[in-house]
Number of protein chains: 2
Amino acid sequence: MSRLPEYLRALHALADAGHETVSSEGLASAVGVNSAKLRKDLSHLGSYGTRGVGYDVALLIDQIESVLGLTQCRAVALVGVGNLGHALAGYDGFASRGFQIAALLDADPSRVGEEIHGLVVRHVDELPRVVAEESISIGVIATPAPAAQAVADQLVAVGVTSILNFAPCVLSVPDGVDVRKVDLAIELQILSFHEHRKASLIALPATGGSALTALPGGLATPDTQEAIGT
Amino acid sequence: MSRLPEYLRALHALADAGHETVSSEGLASAVGVNSAKLRKDLSHLGSYGTRGVGYDVALLIDQIESVLGLTQCRAVALVGVGNLGHALAGYDGFASRGFQIAALLDADPSRVGEEIHGLVVRHVDELPRVVAEESISIGVIATPAPAAQAVADQLVAVGVTSILNFAPCVLSVPDGVDVRKVDLAIELQILSFHEHRKASLIALPATGGSALTALPGGLATPDTQEAIGT
DNA sequence: CGCGATTTGTGCACCTCTTCACAAGCGCCT
DNA sequence: AGGCGCTTGTGAAGAGGTGCACAAATCGCG
Ligand SMILES: NC(=O)c1ccc[n+]([C@@H]2O[C@H](COP(=O)([O-])OP(=O)(O)OC[C@H]3O[C@@H](n4cnc5c(N)ncnc54)[C@H](O)[C@@H]3O)[C@@H](O)[C@H]2O)c1
Ligand SMILES: NC(=O)c1ccc[n+]([C@@H]2O[C@H](COP(=O)([O-])OP(=O)(O)OC[C@H]3O[C@@H](n4cnc5c(N)ncnc54)[C@H](O)[C@@H]3O)[C@@H](O)[C@H]2O)c1
């Protein structure tokens, strides 16, 4: 499940706070999910809880990290060291969660050779050698959208089977390759939609607004952290 | 639906390419979804397609933008102008999709006054005035995690009801306030999970691996762009 | 040693979302 | 004008996720 990383983060926070065990209720409220859902999720990994007590925080962390394959530190290659790439290269939140940015690549010759946070930017044509040398397991694309598909093809060609894409476009990759995308404009548009809906509901409480704002069940937008009330 | 922004992006691309109409099949393949799903989504906005022909691209763009509340350009306030904040402030992909970064705010006095892409960084204490002056409708949090909750509270206090959070933590906000979060480490961990699973399946094709790697139905992780094969 | 309080693990019902399949509608060609 | 092919819109079936409610299990305490 895609919720495991969130549980993991909450568990680390609890461990730092000194807790040895957590109840499903406690962990669930920390993550913001239903406790039954959390128990069902955890039960899929095996029975690592103790009835009457709760879950051992340290043990659960180990188990989840084992499931997620975080027992080994994974090396990621970042392609496209522009505006966003610089920020990502300097982000310390990766290393602390089991990921190491092992290579920076760019196509712009004027950027190649630049040193960023201890890493030297290399040319994207060196991808085959870099992937082999650093045993890269994940590729991150932070190039402009028109270049993203070509970069993805290059990554796939050298054996990378997991890609995180920041460019606002859909990538087509062969079966067996996993792509996740992060599109900030989409996030903002979803917020805009809810904002628009809230405004309509206030403005037209009687009429109910247009067909668009009165969609069935209130238009569930998953992944949202907190649903809007009423 | 949270898919509308993706349709919108594909439609803009089609419009730029000179297409006047699209079939549900064509648009669906461009976005990477089932055509029946797309038709059902669009039918919820009303009947804007012509049988035997398809959908009018320009009309559909207008309709979706209207639903998403993008007819007006929305002003967003960015709080936390650090590593990530700088990248976001310089991102031109917001303006082109109906959003204008109208204010930059930070708590660090040494950052206040700095000019970034034509905007001057102001102190976070000026939030009430800034929100009123610029009629902010969305707040973006790019501060370290420990400060995120306080910033969220401040945003809510001055009437912001939509928040995009980049800090790796859960925010608690009152009902009626919408929070979406972007956590890159979670994205990487989900990729790591699939990577781990692929490796296990190759290494242990007979035994089927541990209970973790053999979860029912193959552990759906929604939001993924392309499922892994077999 | 037994009992009650507490918490996990799970069967079950519900509900949403997805996908198939097809009738209805539209335009084009003859 | 009529038929034919193509595409939309939608009913129905299927799948999957969610939450309730409760039995099973464990600990602490008398
Ligand atoms: N800046 C942001 O905050 C932000 C936010 C969300 C999404 N994005 C997206 O992330 C991507 C990058 O944004 P940015 O602001 O960093 O752009 P940018 O123009 O600043 O940087 C792009 C970099 O990619 C490099 N590049 C171009 N083609 C390449 C290729 N074929 N191979 C390797 N490198 C190549 C360029 O040399 C440049 O250094 C864009 O798709 C953008 O839409 C950016
Ligand atoms: N840098 C990245 O690529 C990246 C990627 C993913 C997530 N994030 C997350 O985004 C957040 C910011 O990351 P960063 O690398 O930009 O950190 P940073 O330390 O470079 O910047 C944080 C900024 O927030 C400001 N700030 C601190 N407290 C504040 C407050 N109470 N009010 C207003 N401003 C305040 C600081 O002055 C600083 O300028 C972090 O939570 C980080 O985990 C960053």
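The analysis underlying the following values was restricted to heavy atoms, covering all of them including side chains, and did not include hydrogens, waters or symmetry mates. Lettering of chains follows the sequences in order, A, B, ..., and the numbering in each one begins at 1.
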- Query: Which part of the nucleic acid, if any, lies within reach of A/Ser47 when heavy atoms closer than 4.0 Å are counted: base, sugar-phosphate only, or nothing?
  - Reply: sugar-phosphate
- Ranking A/Glu25 and B/Asp41 by the position along DNA chain C of their nearest nucleotide, the one closer to 5' is A/Glu25
- Note on the structure: Rounded to the nearest 0.5 angstrom, the CG-CG distance for A/Leu188 and A/Leu184 is 7.0 Å
- Query: Reading nucleotides 20-30 of chain D 5' to 3', which nucleotides get B (base under 4.0 Å from a protein heavy atom), which S (sugar-phosphate only), which -?
  - Reply: BB--BBBS---
- Query: CG/B/Leu42 to NZ/B/Lys37 distance, rounded to the nearest 0.5 angstrom?
  - Reply: 12.5 Å
- Rounded distance in Å - CG (B/Asp56) to P (D/dT8): 13 Å
- Query: For the residue pair A/Ser162 and B/Leu191, what are the closest heavy atoms and their distance?
  - Reply: OG-O, 3.7 Å
- Grab the NE2-C1' distance between B/His44 and D/dG11 for me, whole Å please. 12 Å
- Task: Drop me the distance from A/Gln189's CD to B/Arg180's CZ, to the nearest 0.5 angstrom.
- Result: 11.5 Å
- C/dT8 OP1/OP2 closer than 4.0 Å to side-chain N/O of A/Ser24: yes
- Task: Under the salt bridge (Lys or Arg N to Asp or Glu O under 4.0 Å) rule, collect the residues that match up with B/Arg97, sequence neighbours excluded.
- Result: A/Asp183
- Is the closest side-chain donor-acceptor distance between A/Glu195 and B/Ser137 under 3.5 Å? no
- Query: Atom CG of B/Leu38 and atom C1' of C/dC20: how far apart are they, to the nearest Å?
  - Reply: 16 Å
- Report yes if at least one side-chain N or O of B/Tyr55 is closer than 4.0 Å to OP1 or OP2 of D/dG9; otherwise report no. yes
- Item | Atom pair distance, as rounded to whole Å: NZ in B/Lys37 and P in D/dG11 | 20 Å
- DNA chain D: 5'-proximal contact among B/Ser43 and A/Arg3 (nearest heavy atom): B/Ser43
